[in-house]
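Predicted model, so just to flag it, every value in this text is computed and none were measured. Letters go in sequence order (proteins before strands), and every chain restarts at 1.
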2 protein chains.
Amino acid sequence: MTTERIPSQMLKGILEGAILIIIGQGETYGYALHEALNRLGFGDIPEGTIYPLLLKMQRNNQIVGVRHPSTTGPDRKYYHLSATGEQDAIAFSRQWQQLAAAMDQLTEGSEPREDED
Amino acid sequence: MTTERIPSQMLKGILEGAILIIIGQGETYGYALHEALNRLGFGDIPEGTIYPLLLKMQRNNQIVGVRHPSTTGPDRKYYHLSATGEQDAIAFSRQWQQLAAAMDQLTEGSEPREDED
DNA sequence: CTCTCTACCTTGTAATGCAAAGTATATAAA
DNA sequence: TTTATATACTTTGCATTACAAGGTAGAGAG
């Protein structure tokens with residue numbers, strides 16, 4: 001199992017972008033986001049991280065939240081991207097690619113072997 | 001020119017790992033590190049970021065610094081990895097790969113087109 | 001009625017990148 | 001000599017971020 005925990009310091013500034021992209025692929029709510037991030041390999045991001053972040057993104061007019069009742073539990077707050085959020089999602093993708101490219105440059109031809117553990 | 005500025009929040013926790021890897025590829029000093037990071041595409045990381053980080057890494061016994069006189073300017077403090085630092089560099093590489101894999105999953109088949117604007 | 005799963009929110013803390021300012025050496029220009 | 005520039009390292013304080021810990025509440029199972 002290569003599922004290694006990503007340190008929280010490494011996620012700083014990336015979670016917001018990741019969430020922008022996820023919401024951009026279809027409106028969703030906090031609790032489902034928690035499961036989506038886990039499924040994608042970001043690890044078990046706690047609710048104490050996700051919900052305050054969503055509220056901040058709402059304050060910054062990146063996302064818009066609408067409450068909907070659920071028949072199987074408490075209300076859900078569905079979020080979708082605003083125009084600003086869409087632009088931010090695109091900007092984040094570019095910045096991520098820039099970072100990934102720099103990291104690629106860094107580890108070019110000097111990666112530690114992992115053939116046999 | 002696709003050289004986009006990587007936001008500082010996005011670098012949090014990644015700079016340390018990147019520096020571990022660079023120093024692992026051959027001992028170097030702060031000022032040269034500043035240029036190397038720029039050349040690799042990480043952007044113009046200010047000295048107020050690099051030097052305090054090196055001092056912290058030294059306190060944490062990840063790197064070892066040795067002063068050497070220079071004939072072309074002030075003394076240089078050359079750093080090399082400690083045993084701890086080598087392990088941390090390897091751990092960081094794994095964690096980065098985990099993060100990059102999660103980001104790949106995220107943008108799978110749903111990237112914004114850039115063919116034509 | 002209690003327990004669990006779902007679903008959201010708040011407060012306070014530690015970690016990180018950075019701006020701003022300072023110190024000091026070597027070299028070239030005035 | 002004086003001034004300026006590139007090199008080279010350090011410190012203090014700030015804004016941002018992920019998180020732990022705790023709280024609130026609805027729906028269904030026992």
Novice: When you measure from the side chain of B:Pro52, which nucleotide among D:dA18, D:dT11, C:dC8 comes out closest?
Specialist: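 Out of D:dA18, D:dT11, C:dC8, the nucleotide with an atom closest to B:Pro52's side chain is D:dT11.
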Novice: How would you list, by chain and number, every residue that makes a ring-ring contact (aromatic ring centres under 6.0 Å, His included) with A:Tyr78, sequence neighbours excluded?
Specialist: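 Once residues adjacent in sequence are excluded, the partners of A:Tyr78 under the ring-ring contact (aromatic ring centres under 6.0 Å, His included) criterion are A:Tyr29, A:His68.
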Novice: May I have the distance from B:Met57 (atom CE) to C:dT16 (atom C1'), rounded to whole angstrom?
Specialist: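 Rounding to the nearest Å, CE of B:Met57 and C1' of C:dT16 are 13 Å apart.
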Novice: For C:dC9, does either OP1 or OP2 sit under 4.0 Å from a side-chain N or O belonging to A:Tyr51?
Specialist: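 Checking C:dC9 against A:Tyr51, no side-chain N or O comes under 4.0 Å of OP1 or OP2.
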Novice: D:dC9, OP1 or OP2 - any side-chain N/O from B:Tyr29 closer than 4.0 Å?
Specialist: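 Checking D:dC9 against B:Tyr29, no side-chain N or O comes under 4.0 Å of OP1 or OP2.
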Novice: Can you see if the side chain of A:Tyr31 gets near the phosphate of C:dT6 - specifically, an N or O under 4.0 Å from OP1 or OP2?
Specialist: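 Yes.
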Novice: Is the shortest side-chain N/O distance from A:Thr49 to OP1 or OP2 of D:dC19 below 4.0 Å?
Specialist: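 Checking D:dC19 against A:Thr49, a side-chain N or O does come within under 4.0 Å of OP1 or OP2.
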Novice: Side chains of residues 38-46 of chain B: which donor-acceptor partners sit under 3.5 Å, not counting sequence neighbours?
Specialist:
from: B:Asp44; atom 1: OD1; to: B:His34; atom 2: NE2; distance (Å): 2.7

Novice: Which angle, to the nearest 10 degrees, lies between the helix axes at the two ends of the helix from C:dC1-D:dG30 to C:dA30-D:dT1, each defined by five pairs?
Specialist: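 Between the first-five-pair axis and the last-five-pair axis there is 10°.
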Novice: Let me know the distance between NZ of A:Lys56 and C1' of D:dC19, rounded to the nearest Å.
Specialist: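 Atom NZ in A:Lys56 sits about 15 Å away from atom C1' in D:dC19.
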Novice: Taking only side-chain nitrogens and oxygens of A:Lys12, does any of them come within less than 4.0 Å of OP1 or OP2 of C:dA15?
Specialist: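 No, A:Lys12 has no side-chain N/O under 4.0 Å of OP1/OP2 on C:dA15.
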Novice: Could you give me the CA-CA distance, side-chain angles and deciding distance for B:Ile22 and B:Leu37, then say whether side chain to side chain contact (heavy atoms under 4.5 Å, CB included) is met?
Specialist: CA-CA 9 Å; B:Ile22 294 176; B:Leu37 287 168; 3.7 Å; yes
Novice: Does B:Ser8 have a side-chain nitrogen or oxygen under 4.0 Å from the phosphate oxygens OP1 or OP2 of C:dG17?
Specialist: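 Looking at the OP1 and OP2 atoms of C:dG17, neither is under 4.0 Å from any side-chain N or O of B:Ser8.
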Novice: Compile the donor-acceptor pairs under 3.5 Å between side chains in residues 6-18 of chain A and protein atoms, sequence neighbours left out, one pair per line.
Specialist:
from: A:Glu16; atom 1: OE1; to: A:Lys56; atom 2: NZ; distance (Å): 2.5
from: A:Glu16; atom 1: OE2; to: A:Gln62; atom 2: NE2; distance (Å): 3.3

Novice: What is the separation between atom CD on B:Gln58 and atom P on D:dT11, rounded to the nearest whole Å?
Specialist: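 The answer, rounded to whole Å, is 11 Å.
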Novice: Give A:Leu54 one of three labels, base, sugar-phosphate or nothing, depending on what nucleic acid heavy atoms sit under 4.0 Å from its own.
Specialist: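 No contact at all - A:Leu54 keeps every heavy atom at 4.0 Å or more from the nucleic acid.
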Novice: Any chance you could list the contact pattern along nucleotides 22-30 of chain D? Use B for base contacts, S for sugar-phosphate-only contacts and - for none, protein heavy atoms under 4.0 Å, 5' to 3'.
Specialist: ---BBSS--
Novice: Looking at DNA chain C, which of residues 62-69 of chain B put a heavy atom within less than 4.0 Å of it?
Specialist: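 None, since no heavy atom is under 4.0 Å.
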